[in-house]
Protein chains: 2
Amino acid sequence: MPVSSPSAGPSQVAEPRWLDADEQKAWRAWLYSSLLLQDRLDRDLTHVTGISHAYYEILVALSETPGRMMRMSELADRCLSSRSRLSHAVSRLEERGWVRRQVCAEDGRGQLAVLTDEGFAALEAAAPVHVESVRTHLFDQLTPQQVENMRDIGETLLRHLDAPTP
Amino acid sequence: MPVSSPSAGPSQVAEPRWLDADEQKAWRAWLYSSLLLQDRLDRDLTHVTGISHAYYEILVALSETPGRMMRMSELADRCLSSRSRLSHAVSRLEERGWVRRQVCAEDGRGQLAVLTDEGFAALEAAAPVHVESVRTHLFDQLTPQQVENMRDIGETLLRHLDAPTP
DNA sequence: GTAGCGTAGTTGAAGACTGAAGTATTCCGC
DNA sequence: GCGGAATACTTCAGTCTTCAACTACGCTAC
C-alpha cells in the first residue's frame, strides 16, 4: 500500500511522512473494507439481476429526476463517471432498451438520456435486491454510532475531494 | 443507489427494508467518498509514477516478504485480486522487468512471483508519492478521533466480509 | 503404475474504462 | 452575421478485468 518505507534509507526530496503502525492499520482496514464491500455489493446485484452497480446508479439517477431524463454531463457527474464512460454505458443500456437518447431542445449539442418504462421496471425489480445487500453487508454490521461516524467521515472527505484541486 | 423505493408501491416478496433518509445520507457519503478517494489516489500515483495502485499493491506485497517472493495464489489473496487478474498483471510487470516468475520448488504446480531489483527501485521511487497522497487526501483531513473511528468501522466490516458466505 | 480427482496457474475472448482526438453546436465580440 | 473559442458529446485505440475453458502437476487408492 501507501505505506511505510520499503527500505529504511533516507529519501531524495523532503523526507516522506511515512505512516506509523496505527495509521497503516487504519488505512488498510478502510481500504480493504471499501474494496471488499463494493465488490460484494456489485456481485450480489450483478449475479441476481444482471445489472452492474455502475448501470444501476445510472438508472437510479434517471428515475429520481422529473421526466426521468437528464443531460449526459449532469448524469456523468451524478454517477462519478467520466463523459466517455457514461457515453459507453448509456449505449449499452440503449441496447437493452432501458434508456434512450434524445437531442436536447434548448441546446443542440446536448443529449438527454431518458429512462424507458422497461428501464424503470428493471430498476424496480433490482432495487429490493440491492437494498437488502446493503443492509446485510453494511447496516446490519454496524451500531447506530458507527453509522453516524461513517457518515461524518464520509462527509468530511467529500468536502475535501469534491473541491477541485488547484 | 441502493436506496429508497423507486416507486411508492408495495413490493413482490417480503417488503424490502428500504433505507430512511439518514441511512441514505450515510451510505452515499461513504460510497462517494470511497470512490472519489480511491480514484484520486490512483490518479495521483499513476500520473506521477506510471504505476497504477493495483500494480503498486503487488510490488508492496512482494517487497514485504522474505526473499521478496510469493506464491501466485497467496499474492492474489493479499491483493484482493482474482487469480486470473493477478496472472495478467504479473505478466505486465514481467514485461517491465519488475517481477519475474519462478517455478516453485516444493510444488511443481506452483509459481513464485519474484520482485527484481528494478522492481524494488521502482517501488522505492513510488512510495513517497503515494504516502504523500494518502496523507493529503485522507489523514490530513481527519481528526485523530475520526481516524480511530474509520479503523473501527473498517475492521468491523472486514470481520464480516472476510468470512466466507455460506 | 495408473485412474480419477482436486489444486495451481494460465489463456482467450468479450466487456468495460481511460485519455486523447474527433464532430457538432453554441457563444461571443466585433 | 461571421470567425474563433468554448462546450457537449462520441469515437478510437489501448489497457484492464472477468469468466470460462484449459494445461499441468500432485495426491490417493486400487
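Chain identifiers are assigned alphabetically (A, B, ...) following the order of the sequence lines, protein sequences preceding nucleic acid strands; residue numbering begins at 1 within each chain. Scope of the values below: all heavy atoms of this structure, side chains included, with no hydrogens, waters or symmetry mates.
- Checked by atom type, the side-chain pair His137(B)/Asp44(B) shows a donor-acceptor distance below 3.5 Å.
- Per the geometry, CG belonging to Leu93(A) stands 14 Å off P belonging to dG15(C), to the nearest Å.
- Nearest to the side chain of Ser84(A), among dG19(C), dC19(D), dT10(D), sits dG19(C).
- For Asp107(B) and Tyr55(A), each mapped to the nucleotide of DNA chain C holding its nearest heavy atom, the one lying further toward the 5' end belongs to Asp107(B).
- Rounded to whole Å, atom P of dA16(C) lies 11 Å from atom CD1 of Ile58(A).
- Taking atom CZ of Arg92(B) as the reference point, atom P of dT10(C) lies 12 Å away to the nearest angstrom.
- One can place CD of Gln38(A) at 14 Å from P of dT17(D), the figure rounded to the nearest angstrom.
- Taking only side-chain atoms of Gln111(B), from C-beta outward, the nucleotide of dT17(D), dC16(D), dT10(C) with the closest atom is dT10(C).
- Using modelled atom types and a 3.5 Å distance limit, the side chains of Gln145(A) and Asn149(A) yield a donor-acceptor pair.
- Between Asp77(B) atom CG and dT7(C) atom P the separation is 14 Å, expressed in whole Å.
- Remark: P of dT18(D) and CG of Leu45(A) are 16 Å apart, rounded to the nearest angstrom.
- DNA chain D is contacted by both Ser52(B) and Arg43(A); Ser52(B) maps to the nucleotide lying nearer its 5′ end (nearest heavy atom per residue).
- As rounded to whole Å, 13 Å separates atom P of dT10(C) from atom CD of Gln102(B).
- Side chains of His160(A) and Asp140(B): no donor on one and acceptor on the other come within 3.5 Å.
- Distance CG (Leu86(B)) to P (dT17(D)): 11 Å, rounded to an integer number of Å.
- In summary, the side chains of Arg100(A) and Gln102(A) do present a donor paired with an acceptor at a separation below 3.5 Å, with no hydrogens or angles considered.
- When the side-chain nitrogen and oxygen atoms of Arg83(A) are compared with OP1 and OP2 of dG19(C), none of them lie within a distance under 4.0 Å.
- The side chain of Arg109(B) lies closest to dG6(C), out of dT18(C), dG6(C), dA8(D).
- When heavy atoms are screened at a 4.0 angstrom cut-off, Ser82(A) is found touching the sugar-phosphate backbone but no base atom.
- Ranked by how close their nearest DNA chain D nucleotide is to the 5' end, Arg85(B) and Ala105(B) are led by Arg85(B).
- Arg68(B) and Thr116(B) share no donor-acceptor pair across their side chains, judged by distance under 3.5 Å alone.
- Listed nucleotides dC12(D), dG26(D), dT18(D) differ in distance to His88(B); the shortest reach to its side chain belongs to dT18(D).
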